[in-house]
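Comments concern the structure below.
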Amino acid sequence: MSETVSVIVTAYNVEHYLSKCLDSILAQTYPELEVIVIDDASTDKTKLICDEYEKKDQRVRVIHLAKNGGVSNARNVAIENAKGTYLTFIDGDDWINTAYVEEYLTQAKKHNAEIVMGPYFRFNDQNGMFYFYDALYPTQELTIDDYIRERALQRVAWFSNLGGKLYHRRLFEHKIYGTDYFPVGWFSSEDQIVSSRLCFLAHRIWYTQEANYCWRIRKGSVTQTATTSKTAMDALRAEMQYLVDLAMLGKLDQHLIDVFKENIASIKSQLNDQSLQTTDVYQRICQQLVL
């Protein structure tokens with residue numbers, strides 16, 4: 001194997017976690033890496049840490065953004081600059097096992113797969129506990145129907161997340177979301193649109209039983225903050241776009257419509273909890289739930 005793998009790391013104010021993330025990448029058993037670190041205008045020591053790693057390993061390339069534009073914008077910049085045959089995305093507060101790239105690349109080449117994914121760990125910063133998440137598939141090909149079913153069941157978050165997967169560069173030949181790869185201006189839920197569209201575009205998806213990605217759950221991260229009208233609107237837009245994508249593929253049925261209703265009802269409940277019943281997104285969800 002001689003293909004370069006572009007490892008894209010997005011980093012914003014992760015001074016306490018970034019070194020562990022980058023150390024885990026540079027320790028990979030597969031050495032042909034291009035590590036692109038996007039510093040999204042951090043205000044802590046993240047910038048200095050990025051520069052230190054760029055100096056000590058020639059595989060690391062740092063791009064400092066002048067203005068914080070969010071994770072979607074950071075990933076768009078990284079994709080435009082990536083030169084690898086394969087791409088993988090890692091958040092700056094997460095980390096990977098040393099065999100991650102080699103294992104997934106081996107599976108991709110052996111089975112001619114354009115996406116490789118597998119189980120993952122979640123680490124809870126508050127209690128120091130690891131939790132293992134597995135869709136309970138053996139090592140095998142995943143069909144589009146498998147993907148849609150798992151996403152509807154919501155047994156594991158990986159089916160709607162971007163991280164912890166290896167993607168062939170071909171999937172990024174065209175802009176995935178309108179005029180860009182990721183929807184700029186979204187505060188959350190951008191993964192849901194892009195990850196599903198990448199799976200719909202892929203000729204073959206492969207699931208391996210090897211768990212190599214650790215997703216850190218920490219206070220202050222996007223997934224752990226209280227619902228706002230902005231995050232709720234992003235979530236609603238993501239759910240509605242996924243529904244449209246399913247219809248375009250001829251995959252939409254009553255069960256998936258019911259799942260959509262359950263998901264947006266859950267967003268409505270979160271808005272209720274935050275006393276946000278007068279917001280535009282709350283009214284839009286109510287309109288969707290009339291029928």
Side-chain angles (χ1 to χ4, degrees), residues 1-12 18 21-41 46-47 49-66 69-92 94-96 98-117 161-184 190-191 194-195 197-199 201-206 212-213:
M1 294 184 293
S2 59
E3 288 88 351
T4 298
V5 175
S6 295
V7 182
I8 293 172
V9 181
T10 50
Y12 176 67
L18 185 57
C21 174
L22 294 178
D23 285 342
S24 73
I25 295 169
L26 297 179
Q28 290 297 296
T29 55
Y30 185 78
E32 299 299 319
L33 305 178
E34 172 194 51
V35 185
I36 302 176
V37 187
I38 308 296
D39 167 32
D40 196 13
T46 294
K47 179 181 184 298
I49 296 170
C50 289
D51 292 342
E52 288 174 3
Y53 277 84
E54 187 174 37
K55 289 177 182 177
K56 72 179 182 180
D57 196 309
Q58 62 182 3
R59 296 175 296 175
V60 178
R61 182 153 51 106
V62 176
I63 300 175
H64 295 292
L65 300 183
V71 67
S72 287
N73 178 66
R75 287 170 175 164
N76 289 337
V77 171
I79 293 169
E80 292 288 356
N81 285 273
K83 297 179 174 62
T85 307
Y86 295 86
L87 288 75
T88 189
F89 298 83
I90 302 175
D91 288 342
D94 297 340
W95 71 92
I96 53 177
T98 56
Y100 170 82
V101 173
E102 184 172 15
E103 168 66 24
Y104 281 24
L105 183 57
T106 298
Q107 296 291 340
K109 293 175 68 65
K110 181 179 179 180
H111 303 288
N112 194 28
E114 292 185 312
I115 299 177
V116 179
M117 60 186 295
N161 282 19
L162 188 78
K165 303 177 183 68
L166 186 71
Y167 301 94
H168 195 281
R169 178 74 203 199
R170 184 196 72 82
L171 299 176
F172 296 92
E173 287 179 350
H174 304 288
K175 301 297 175 65
I176 301 162
Y177 188 79
T179 58
D180 237 318
Y181 300 103
F182 288 82
V184 175
E190 74 288 335
D191 277 17
V194 177
S195 62
R197 288 190 166 185
L198 288 169
C199 288
L201 289 169
H203 294 147
R204 173 172 284 186
I205 307 169
W206 198 260
N212 284 301
Y213 193 101

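Remember, predicted model here, so these are calculated numbers, not experimental data. Start at 1 with the first residue, then count along the sequence.
Here Asp23 pairs with nothing under the salt bridge (charged side-chain N to carboxylate O under 4.0 Å, His left out) rule; sequence neighbours left out. With sequence neighbours excluded, the residues satisfying salt bridge (charged side-chain N to carboxylate O under 4.0 Å, His left out) with Arg61 are Glu34. Take His64 and apply the ring pair (Phe, Tyr, Trp, His ring centres under 6.0 Å) test, not counting sequence neighbours, and it matches no residue. For Asp39, there are no salt bridge (charged side-chain N to carboxylate O under 4.0 Å, His left out) partners, not counting sequence neighbours. Applying the salt bridge (charged side-chain N to carboxylate O under 4.0 Å, His left out) criterion to Glu54, with sequence neighbours excluded, gives no partner residue. Tyr100 pairs by the side chain to side chain donor-acceptor pair (under 3.5 Å) definition with Thr88, not counting sequence neighbours. Under the side chain to side chain contact (heavy atoms under 4.5 Å, CB included) criterion, Leu201 pairs with Leu171, sequence neighbours left out. Residues passing the side chain to side chain donor-acceptor pair (under 3.5 Å) test with Thr98, sequence neighbours excluded: none. Asp180 meets the side chain to side chain donor-acceptor pair (under 3.5 Å) test with Asn76; sequence neighbours excluded. Contacts of Tyr181 classified as ring pair (Phe, Tyr, Trp, His ring centres under 6.0 Å), with partners at least two apart in sequence or in another chain: none. The side chain to side chain contact (heavy atoms under 4.5 Å, CB included) search around Lys110 returns none, not counting sequence neighbours. Listed by chain and number, the residues in a side chain to side chain contact (heavy atoms under 4.5 Å, CB included) with Asp40 are Tyr12, Leu65, Asn68 (sequence neighbours excluded).
Salt bridge Lys47/Asp51: present, at least one basic N to carboxylate O contact under 4.0 Å. Using a 4.0 Å cut-off between charged side-chain N and carboxylate O, Arg59 and Glu32 make no salt bridge.
Here the closest non-hydrogen pair linking Gly163 and Tyr213 is C-CE1, 4.5 Å.
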Problem set entry | From CA spacing to verdict: salt bridge (Lys or Arg N to Asp or Glu O under 4.0 Å), Glu114, Lys109 | CA-CA 9 Å; Glu114 292 185 312; Lys109 293 175 68 65; over 6 Å; no

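Lys165 forms no cation-pi arrangement with Tyr167, by the criterion of a distance under 6.0 Å to the ring centre and an angle within 45° of the ring axis.
Within the model, atoms CG of Leu26 and SG of Cys21 stand 9.5 Å from one another, a figure rounded to the nearest 0.5 Å. One finds the CE atom of Met117 at 8.0 Å from the OH atom of Tyr104 (value rounded to the nearest 0.5 Å).
Considering Leu162, Asn73, Val71 as possible partners of Phe182, the one that fulfils the side-chain contact (heavy atoms from CB on, under 4.5 Å) test is Leu162.
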